Amino acid sequence: MMVLITYDVNTEDAAGRGRLRRIAKQCVNYGQRVQNSVFECKLDPAQYRMLEAKLLEIMDPQKDSLRFYELGSGYEKKIRHYGSKNSYMPEDVLMI
């Protein structure tokens, strides 16, 4: 399933900046950054539960915000992109 993950981490102190880096690092391990604090992740149910648990462990619920949007199947038709960055499709060939 395709999951859109967004987060807003309070970075007023060093602890917040550390949480921001750790959350971004976990998201990079599972998906593609499409904007500064927005990731598209193609996950199976076990990966989804694991990533969600990791992110909830990192965040401070008193200071930070974390949102998960389950786009489900047929997500390609639910995404419209406008602007300068190229669109990303996880099934496409990735050349490194």
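Residue indices begin at 1 and follow the sequence shown. The figures that follow rest on heavy atoms only: side chains count, while hydrogens, waters and symmetry mates do not. Please read these numbers as outputs of a predicted model, since none were measured by experiment.
- Legend: residues meeting side chain to side chain contact (heavy atoms under 4.5 Å, CB included) with A53, ordered by chain and number and at least two apart, are absent.
- A search for ring-ring contact (aromatic ring centres under 6.0 Å, His included) contacts involving Y30 returns nothing, not counting sequence neighbours.
- Looking at L55 and M59, their side chains never come closer than 4.5 Å, going by heavy atoms from C-beta outward.
- The structure places CD of Q47 at 11.0 Å from CG of N29, a figure rounded to the nearest 0.5 Å.
- Taking 4.5 Å as the limit, every side-chain heavy atom of N10 sits out of range of all side-chain heavy atoms of D60.
- Linking ILVMFWY residues whenever their side-chain heavy atoms come closer than 4.5 Å, directly or via other members, leaves M1 and V34 in distinct clusters.
- Partners of F68 under the ring-ring contact (aromatic ring centres under 6.0 Å, His included) rule, at least two apart in sequence or in another chain, are Y48.
- Under the 4.5 Å side-chain heavy-atom criterion for grouping Ile, Leu, Val, Met, Phe, Trp and Tyr, M2 is not connected to I5 through any hydrophobic cluster.
- Among all heavy-atom pairs drawn from C41 and C27, the shortest one is SG-O, 4.3 Å.
- Residues in residues 19-33 take part in these salt bridge (charged side-chain N to carboxylate O under 4.0 Å, His left out) pairs, two or more places apart or across chains: R19-D64.
- No continuous path of ILVMFWY side-chain contacts below 4.5 Å connects Y7 to Y69, so the two sit in separate hydrophobic clusters.
- Q26 places no side-chain N or O within donor-acceptor distance of the main-chain N or O of I23, the cut-off being under 3.5 Å.
- Across all their heavy atoms, V9 and G16 have their closest contact at CG1-O, 3.4 Å.
- A continuous path of hydrophobic side-chain contacts links L66 to V28 [ILVMFWY only; heavy atoms under 4.5 Å].
- Taking hydrophobic clusters as Ile, Leu, Val, Met, Phe, Trp and Tyr residues chained together by side-chain heavy-atom distances below 4.5 Å, L56 shares a cluster with L20.
- K63 pairs by the salt bridge (Lys or Arg N to Asp or Glu O under 4.0 Å) definition with D13, not counting sequence neighbours.
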